[in-house]
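I have placed the structure first, in the form of structure tokens, so that the comments after it can refer back to it.
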Amino acid sequence: MTKAKQALCLFECLHRSIFNSLNSTTASLSHTHQVHAHVLKTGVFEDSHVATKLLSQYANHFCFTDANQFLDSISEPTIFSFSVLIYAYTKQRLFNQALRVFSRMLSLGLAPDSHVLPNVAKACAGLSSLKSGKQVHGIVFVSGLGSDSFVQASLIHMYLKCIRIRDAHKLFDRLPQADVVIFSALIAGYARQGCVDDVKKLFKKMEDSGVQPNLVSWNGIIAGFNHSRYYEEAIIMFRKMHFEGFIPDGCSLSSVLSAVGDLESLNVGLQIHDHVIKQGLGQDKCVASSLIDMYGKCACPIDMSKVFFEVDGLDIGACNALVTGLSRNGLVDKALEMFRQFQDQGMELNIRSWTSMIAGCSQNGLSIQALDLFREMQDVGLRPNNVTIPCLLPACGSIAALMHGKAVHCYSIRTGISNDIFVSSALIDMYAKCGRIQVSRQLFDKMPAKNSVCWNAIIGGYAMHGNAKEAIEIFHLMQSNGQKPDFISFTCILSACSQAGLTEEGCKYFNSMSKEYGIEARMEHYACMVTLLGRAGRLKETYKMIEQMPFEPDACVWGALLSSCRVHNNVCLGEVAARKLFQLEPTNCGNYTLLSNIYASKSMWTEVDSVRDTMKALGLRKDPGCSWIELNNKMHMLLAGDQSHPQMSQITERLNKINMEMKKSGCFPNTDFVLQDVEEQEKEQILCGHSEKLAVALGLLNTPPGSTLQVIKNLRICGDCHAVIKFISSIEGREIYVRDTNRFHHFKDGVCSCGDYW
DNA sequence: ATAGGGTTAG
């Protein structure tokens with residue numbers, strides 16, 4: 001053998017070993033780089049096999065920059081090279097990039113083959129881009145590859161993902177013969193649309209054509225029904241599959257568990273959990289996530305945590321399910337703790353994680369925290385979407401953070417999600433809670449499509465503002481527009497009637513519920529009726545209604561009665577309601593305070609002391625009155641009697657001045673509202689310290705004359721404060737909105753929108 | 001190197 005021949009042989013061996021070393025999918029990145037360098041030196045990269053191998057290695061390592069550079073360096077890239085890159089991009093769900101590579105391939109005049117087209121169709125499906133999908137279909141048509149079964153299946157799949165089930169079916173009907181893969185894809189597509197009958201029909205057709213469904217076919221149906229919220233159907237199919245002798249795998253179990261969770265069927269959930277254990281699928285990430293989700297939805301936080309801690313390693317799905325489940329079960333502090341722990345552990349939290357935590361805070365009264373998290377989320381580079389926004393907005397509404405709410409509204413417009421039905425309903429509610437009912441109405445009128453949530457949002461908004469006329473108008477408009485009222489609509493309309501003192505109207509609507517609409521009254525409707533009748537002073541009638549309720553009244557109903565008794569200072573019924581409430585919610589301070597205030601209004605100081613002693617013995621402290629005002633984008637919180645605000649001396653000075661003015665014009669402080677056994681002068685002092693007055697004074701100090709003020713209070717507005725704020729609105733020429741626990745008070749020119757009825 | 005099925009935010 002000549003030396004040259006030996007060298008060539010050696011080179012070939014080397015070449016082959018390099019080639020083989022890249023066969024392993026686990027070849028390290030540095031090794032790939034070494035081979036790349038070697039290949040560049042020796043020039044063998046013109047070998048398309050080596051080029052393909054190198055490209056796929058880079059793709060496996062997510063090194064798309066290197067892969068693209070390499071592709072650029074090849075003088076005459078083959079269709080293989082492009083194919084590999086498109087495949088890798090599709091696999092990484094980087095569909096846009098996959099399509100970009102494909103169009104580059106086309107521009108070089110390379111004709112697509114039956115291998116690359118399915119991946120391209122898959123990228124279109126992944127993007128749900130019907131436009132690109134149709135283009136690919138056109139290319140398939142021109143290329144004459146339309147009869148390739150892989151290509152056909154991928155096109156059908158693309159149309160299904162783009163919710164073009166008819167187009168998919170058209171292609172399907174043209175197939176000479178469909179195999180199990182095609183049937184399964186189409187059936188799953190129908191299930192995703194919730195077309196129960198079509199699924200059954202196709203299933204029969206499949207069996208008639210002699211095609212046997214397999215596990216994947218069943219899983220597609222179960223997942224599809226779960227996706228389209230046909231939860232019962234999903235469970236029925238799971239049972240059927242089991243009955244047919246298929247052993248459910250991780251895919252079947254995760255889908256069916258999700259459906260079980262939404263139905264809150266704990267017993268079924270427990271059975272399926274047994275199944276999971278039997279199959280040894282406890283470590284499957286998706287199964288674990290849906291188990292956690294299921295226990296969370298079935299109000300079993302302990303079992304939920306157990307599943308979470310039994311899974312090895314952290315999985316984003318499981319973490320998100322845990323955070324959601326904890327908040328859902330009122331353990332929002334624990335949820336926050338876990339959320340921070342995940343962050344500390346370097347977990348890469350996604351938009352769902354943040355949205356879930358924001359929703360948890362928002363729904364559990366932690367409004368400020370929700371707003372902080374929203375900011376923090378954007379700081380780490382995540383963009384809120386059409387789910388995040390409706391989760392955050394209730395927090396803005398709850399503390400009347402109008403500036404934040406407006407910013408979120410602008411963001412929704414910029415990102416094109418403001419027409420989303422959930423987003424716009426949440427905006428309507430937020431503006432109403434921030435006192436801007438006219439803005440709510442404008443948004444409502446502009447909505448292109450409305451569901452009951454939107455109608456209820458605007459009716460509820462009007463109710464909160466005491467605009468019963470508008471609320472009733474919309475309630476009827478809703479029906480003439482073909483939208484049937486649901487039980488929430490009635491809660492809104494009843495509360496509107498009760499705010500406005502429309503007692504007879506309210507009774508009429510209440511009676512029509514079951515008679516005309518077939519909606520049985522729920523707890524919240526009875527609570528509204530108690531408020532409605534109670535406020536009108538018809539306390540005996542109210543009590544009779546409670547006694548005749550078809551189910552056991554809850555604390556809301558008794559609480560409504562107790563509040564009415566406080567309004568009319570009815571000791572006898574108040575004691576009855578309070579006794580019930582002390583049993584139902586022994587740690588709710590508000591109930592003790594109300595009873596004590598009823599006694600105090602009748603100067604029954606011994607009884608007042610006795611209630612106070614009970615509270616002390618239970619370790620309870622009265623909820624302090626608390627008001628908020630948003631000034632220059634910052635929320636200020638003022639507590640009754642609290643002196644700690646930096647502008648407190650100015651506040652006091654301003655209030656004293658107003659007091660003098662009032663006395664001059666013949667108005668004196670109404671010390672009946674001080675429910676303590678103290679001297680008259682001290683009573684005046686106490687009234688001056690009420691949080692709503694402090695907040696209004698702070699607003700006067702920090703805003704230009706004539707501008708509108710808005711205050712929210714955690715308790716019902718005090719009668720003296722109501723009188724003082726009316727006076728302020730007149731002498732200062734200001735519109736002042738005060739939202740208390742029940743409704744809005746709109747003070748203008750010395751009168752209040754509630755007509756002094758609240 | 002190519003086609004069908006999974007979970008976790010409102």
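Residue numbers begin at 1 in each chain, while the letters A, B, ... track the order of the sequences.
- Looking at heavy-atom distances under 4.0 Å, Ile316(A) makes contact with a base.
- The distance between the ring centers of Phe183(A) and Phe203(A) does not fall below 6.0 angstrom.
- Contact of Asp284(A) with dG6(B) (side chain to base): a donor-acceptor pair of N or O atoms is detected under 3.5 Å.
- The residue Asp315(A) sits apart from the nucleic acid: no heavy atom pair falls under 4.0 Å.
- When heavy atoms are screened at a 4.0 angstrom cut-off, Ser154(A) is found touching no nucleic acid atom at all.
- For a distance-only test at 3.5 Å, the side chain of Asn385(A) qualifies as a donor-acceptor partner of the base of dA9(B).
- For Asn214(A), taking side-chain heavy atoms from C-beta onward, the closest of the listed nucleotides dA9(B), dG4(B), dA1(B) is dG4(B).
- Using a 4.0 Å cut-off between charged side-chain N and carboxylate O, Asp274(A) and Lys278(A) make no salt bridge.
- Put simply, His115(A) has no side-chain N or O that comes within less than 4.0 Å of OP1 or OP2 on dA1(B).
- Side-chain nitrogen and oxygen atoms of Asn226(A) include at least one within less than 4.0 Å of the OP1 or OP2 phosphate oxygen of dT7(B).
- Nucleic acid contact class of Tyr87(A) (heavy atoms, under 4.0 Å, all strands): sugar-phosphate only.
- Aromatic ring centres of Tyr231(A) and Phe225(A): separated by at least 6.0 Å.
- Residue His227(A) places no side-chain N or O under 4.0 Å from the OP1 or OP2 atom of dT7(B).
- Nucleic acid contact for Val323(A): none, since no nucleic acid atom lies under 4.0 Å from a heavy atom of the residue.
- Using a 4.0 Å heavy-atom cutoff across all strands shown, Asp148(A) reaches no nucleic acid atom at all.
- Taking side-chain N and O atoms only, Ser356(A) has no distance below 4.0 Å to OP1 or OP2 of dG10(B).
- In this structure, Val116(A) reaches neither bases nor backbone, as no heavy-atom distance under 4.0 Å exists between it and the strands shown.
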